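From a predicted model like this one, the values you see are computed outputs, not experimental measurements.
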Amino acid sequence: QVQLVESGGGLVQPGGSLRLSCAASGSTSNFYAYVWFRQAPGKERVGVAAFSVSDGNAYYADSVKGRFTISRDNSKNTVYLQMNNLKPEDTAVYYCATGWGWMKSSWYAPNQYEFWGQGTQVTVSS
């Protein structure tokens with residue numbers, strides 16, 4: 001059984017920072033990537049950033065490039081999303097996802113990931 005548990009969300013002012021964590025447990029050794037998604041009220045779930053386990057490469061949505069950084073601590077089996085210079089439009093529930101395979105060219109497509117965390121709320125507001 002695979003479990004993903006997100007943490008680190010909260011309320012932050014515009015321009016502030018947050019670091020989200022996604023702790024993975026269970027049979028995770030064969031997963032190719034970990035991906036952060038977000039979903040704002042009334043909107044679709046969209047990919048934010050992806051981390052390729054095989055080569056350590058990172059992929060980002062245009063809207064967060066230069067502000068967000070995804071990383072992974074192998075010893076803790078945890079993936080992080082460092083979010084800097086946060087904007088009100090970053091407000092959403094953030095989810096961590098992974099699965100048995102992925103299409104690198106379409107890492108942002110949510111339907112290819114079998115396992116999801118419960119989500120953590122990020123609110124950017126003054």
Do [X] and [Y] sit in one hydrophobic cluster, given that two such residues count as connected whenever their side-chain heavy atoms are within less than 4.5 Å of each other, even indirectly?
| X | Y | value |
| --- | --- | --- |
| L81 | F115 | yes |
| M83 | V124 | yes |
| V53 | W116 | no |
| V12 | L20 | yes |
| V64 | Y59 | no |

Can you sort out the partners of [X] under side-chain contact (heavy atoms from CB on, under 4.5 Å), two or more places apart, ordered by chain and number?
| X | value |
| --- | --- |
| Q82 | S17, R19, T69, N84 |
| S125 | L11, T123 |
| A23 | T78 |

Between W107 and A50, which heavy-atom pair has the shortest distance, and what is it? CE3-CB, 3.6 Å
Between I70 and A58, what is the shortest heavy-atom contact and its length? CG2-CB, 3.6 Å
side-chain contact (heavy atoms from CB on, under 4.5 Å) between L18 and L86, intermediate numbers included: CA-CA 8 Å; L18 282 174; L86 282 161; 4.2 Å; yes
Restricting to salt bridge (charged side-chain N to carboxylate O under 4.0 Å, His left out), what partner residues turn up for K65, sequence neighbours left out?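 With neighbours one apart ignored, the set is D62.
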My understanding is that only residues two or more places apart in sequence, or in another chain, count here; which of them pass salt bridge (charged side-chain N to carboxylate O under 4.0 Å, His left out) with K104? D55
Can you tell me which residue pairs pass the disulfide bond (SG atoms under 2.5 Å apart) test with a partner in residues 10-120, sequence neighbours excluded? C22-C96
Please check this pair: side chain of E6 against backbone of Q118, looking for a donor-acceptor N/O pair closer than 3.5 Å.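 Looks like yes, one N/O pair under 3.5 Å.
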For residues 41-48, which side-chain donor-acceptor pairs fall under 3.5 Å, sequence neighbours excluded?
{"unit_1": "R45", "atom_1": "NE", "unit_2": "Q39", "atom_2": "OE1", "d": "3.2"}
{"unit_1": "R45", "atom_1": "NH2", "unit_2": "Q39", "atom_2": "OE1", "d": "3.2"}

Please tabulate, for side-chain N and O atoms in residues 26-36, each donor-acceptor pair with protein atoms closer than 3.5 Å (sequence neighbours left out).
{"unit_1": "T28", "atom_1": "OG1", "unit_2": "N77", "atom_2": "ND2", "d": "2.9"}

Using ring centroids (six-membered ring only for Trp), state whether F37 and Y113 fall under 6.0 Å. yes
Pairs satisfying salt bridge (charged side-chain N to carboxylate O under 4.0 Å, His left out), at least one member in residues 111-126, at least two apart: none
Please list all pairs passing the salt bridge (charged side-chain N to carboxylate O under 4.0 Å, His left out) test where one or both residues lie in residues 69-86, with sequence neighbours left out.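 Output for this query is empty, none listed.
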Filter on side-chain hydrogen bond (donor to acceptor under 3.5 Å, both in side chains), then keep only pairs touching residues 91-103, sequence neighbours left out; what's left? R38-Y94
With sequence neighbours excluded, residues passing side-chain hydrogen bond (donor to acceptor under 3.5 Å, both in side chains) with S54: S52
